[in-house]
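Input: a single structure, listed below in structure tokens.
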Protein chains: 2
Amino acid sequence: MEAFDTLDYRILEVLQKNNLTSQRDIGNAIGLSAPAVQRRIVRMRELGMISADMALLNPELLGPLITIIVQVEMETDKVELVNKTKLKFRQTPQVQQCYYVTGEADFMLVVVVHTMKEYETLTHQLFFNNPGIQRFKSSICMDIVKSGLTLPMPDAVVKAVNNK
Amino acid sequence: MEAFDTLDYRILEVLQKNNLTSQRDIGNAIGLSAPAVQRRIVRMRELGMISADMALLNPELLGPLITIIVQVEMETDKVELVNKTKLKFRQTPQVQQCYYVTGEADFMLVVVVHTMKEYETLTHQLFFNNPGIQRFKSSICMDIVKSGLTLPMPDAVVKAVNNK
DNA sequence: CCAATGTACGCAATAAACTTGCGCAATTGG
DNA sequence: CCAATTGCGCAAGTTTATTGCGTACATTGG
């Protein structure tokens, strides 16, 4: 009742690549009926294993967009201040991703804006107006070589599929 | 025939958040019939505006996963070598995202692995075995504060929706 | 100015996919 | 050994997606 089994992972593997795959097709691929697949998917949604279903858009066609990787360094590591900063990043639409990391920088951000002017405004909002932030370094993206949020499946699943 | 209009962008805005939204619901939201929405979606898929449809999985529940941000610095900027390196990154499943950027580093990678041992093996494959790579810096992710690939809509669209 | 063309729409019908009820088999626990 | 639980497949029911068709509107060319 608690955990997920290999069949679940194989369903996830498919949905992660294409969540419009019909339950019938998934069923055929893994040896289950469509309703069985459906019930597993519902369950995985309820348990939060599948957290969202989204369409991936093409940045090239959506208009001129600038992607910037920002490394943010904080003055102190006060928990309260860090949490407040996290919240701010989370709430900012232009911040596509935010990682709290070890090393020199404290945060790594992936920011998407329409213009450099918008980015400048954003830096004021996020960094200059924030007392806890010491420094930030921007790396402009010239090429999105690869983009995705695909996660690797547990080793056991990978093996099971390869041995088929 | 060529471009996209405001209605298209509003459809994209919805699908980007939840691509399981029914065409009827989208239609009601923007004042179109379901078939009209359907035809626009088909067209946007054909033109590559919608490049994929995927389920987002929960890293916490999928098992122990380690996310690492890697900054890669190359020795030379020879086009040939850069392209070869891009290809290698693109083909590596553990590389979730790869950005070719300006600044100190040449590449920014988001890497996801099951164990540090796997990461060590990966660094050998990707970096030590690659003559063009001078140095790389790893930042271990302690918290995925925000994750997504949502793109901002053209300003005109945003305004149009807010004024409704 | 008026036809001809193309494009996008809505409605209605069809097709496909999802969802649910039900009975059965396998496993688990008393 | 029996009752309870779990997950399955099948078949029916429901919703959603897709397609055919006629119409409206804008653009173009005579």
Side-chain angles (χ1 to χ4, degrees), chain A residues 1-58 61-63 153-154 156-157 159-161 163-164, chain B residues 1-58 61-63 153-154 156-157 159-161 163-164:
Chain A
M1 160 131 199
E2 188 63 29
F4 305 98
D5 63 14
T6 303
L7 288 174
D8 287 321
Y9 290 125
R10 295 190 61 189
I11 292 173
L12 292 175
E13 205 172 10
V14 174
L15 292 184
Q16 190 174 216
K17 280 190 199 159
N18 178 9
N19 74 337
L20 300 184
T21 313
S22 74
Q23 297 167 356
R24 183 175 47 78
D25 287 349
I26 300 176
N28 287 340
I30 67 176
L32 276 182
S33 69
V37 172
Q38 135 86 0
R39 286 168 188 132
R40 283 168 177 266
I41 292 176
V42 169
R43 177 173 165 266
M44 291 193 282
R45 276 193 224 291
E46 285 170 356
L47 296 179
M49 175 79 262
I50 299 174
S51 52
D53 290 271
M54 50 171 294
L56 232 74
L57 308 188
N58 187 339
L61 294 181
L62 198 56
M153 288 295 140
V157 179
K159 280 183 203 160
V161 173
N163 289 345
K164 274 215 69 170
Chain B
M1 159 126 195
E2 189 64 27
F4 305 98
D5 63 13
T6 303
L7 288 174
D8 286 321
Y9 290 126
R10 294 190 62 188
I11 293 173
L12 291 174
E13 205 172 10
V14 174
L15 291 184
Q16 189 174 216
K17 279 190 199 159
N18 177 10
N19 74 337
L20 300 184
T21 313
S22 75
Q23 298 167 356
R24 183 175 46 79
D25 286 350
I26 300 176
N28 287 340
I30 67 176
L32 276 183
S33 69
V37 173
Q38 135 87 358
R39 286 169 189 130
R40 281 167 178 267
I41 292 177
V42 169
R43 176 171 165 268
M44 290 194 283
R45 274 192 225 291
E46 284 171 354
L47 296 179
M49 176 79 259
I50 298 173
S51 52
D53 291 271
M54 50 171 294
L56 233 75
L57 309 188
N58 187 337
L61 293 181
L62 198 56
M153 288 296 141
V157 179
K159 280 182 202 160
V161 173
N163 290 344
K164 276 217 68 170

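Residue numbering restarts at 1 for every chain, and letters A, B, ... go by the order of the sequence lines.
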Report task. Walk me through it: do B:Leu32 and B:Arg39 pass the test side-chain contact (heavy atoms from CB on, under 4.5 Å)? Result -> CA-CA 11 Å; B:Leu32 276 183; B:Arg39 286 169 189 130; over 6 Å; no
Report task. Kindly indicate, with the supporting measurements, whether the criterion side-chain contact (heavy atoms from CB on, under 4.5 Å) is fulfilled by A:Leu12 and A:Phe4. Result -> CA-CA 10 Å; A:Leu12 292 175; A:Phe4 305 98; 5.8 Å; no
Query raised in the report: Just how far, in rounded Å, is C1' of D:dT6 from CG of A:Leu32?
Result: 14 Å
Query - N/O (side chain, B:Gln38) to phosphate O (OP1/OP2, D:dT16) under 4.0 Å - result: no
Query raised in the report: Whole Å only: how far is the CZ atom of A:Phe4 from the C1' atom of D:dT6?
Result: 16 Å
Requested in this report: Measure from the side chain of B:Arg40, starting at C-beta and using heavy atoms only, and say which of D:dC8, C:dC11, C:dA8 lies closest.
Outcome: C:dA8
Query raised in the report: B:Met44 has an atom CE; how far is it from atom P of C:dA8, in whole Å?
Result: 12 Å
Query raised in the report: Which part of the nucleic acid, if any, lies within contact of A:Arg24, taking any heavy atom under 4.0 Å across all strands shown: a base, the sugar-phosphate backbone alone, or nothing?
Result: sugar-phosphate
Requested in this report: Round to a whole Å and report the spacing from CZ of A:Arg43 to P of D:dT5.
Outcome: 17 Å
Query raised in the report: Between A:Ile26 (CD1) and D:dC8 (C1'), how many Å, whole number?
Result: 17 Å
Query raised in the report: In terms of side-chain heavy atoms of B:Ser22, which of C:dA17, D:dC8, D:dA17 is nearest?
Result: D:dA17
Report summary line: Whichever of B:Val37 and A:Thr21 has the more 5' nearest nucleotide on DNA chain C, that residue is B:Val37
Query raised in the report: Could you give the CG-to-P distance, from A:Leu15 to C:dC18, as a whole number of Å?
Result: 10 Å
Query - Stepwise side-chain contact (heavy atoms from CB on, under 4.5 Å) test for A:Ile50 and B:Leu57 - result: CA-CA 5 Å; A:Ile50 299 174; B:Leu57 309 188; 4.2 Å; yes
Query raised in the report: Rounded to whole angstrom units, what separation is found between the CG atom of A:Leu20 and the C1' atom of C:dC18?
Result: 13 Å
Report task. Applying side-chain contact (heavy atoms from CB on, under 4.5 Å), run through A:Asp53 and A:Leu15 and close with a yes or a no. Result -> CA-CA 9 Å; A:Asp53 290 271; A:Leu15 292 184; 6.0 Å; no
Requested in this report: Describe the nucleic acid contact of A:Arg39 in one word from base, sugar-phosphate, nothing, applying a heavy-atom distance below 4.0 Å.
Outcome: base
Query raised in the report: Expressed in angstrom and rounded to an integer, what is the separation of A:Gln23 atom CD from D:dA17 atom C1'?
Result: 14 Å
Query - Backbone N/O of B:Asp25 and side chain of B:Asn28: donor-acceptor pair under 3.5 Å - result: no
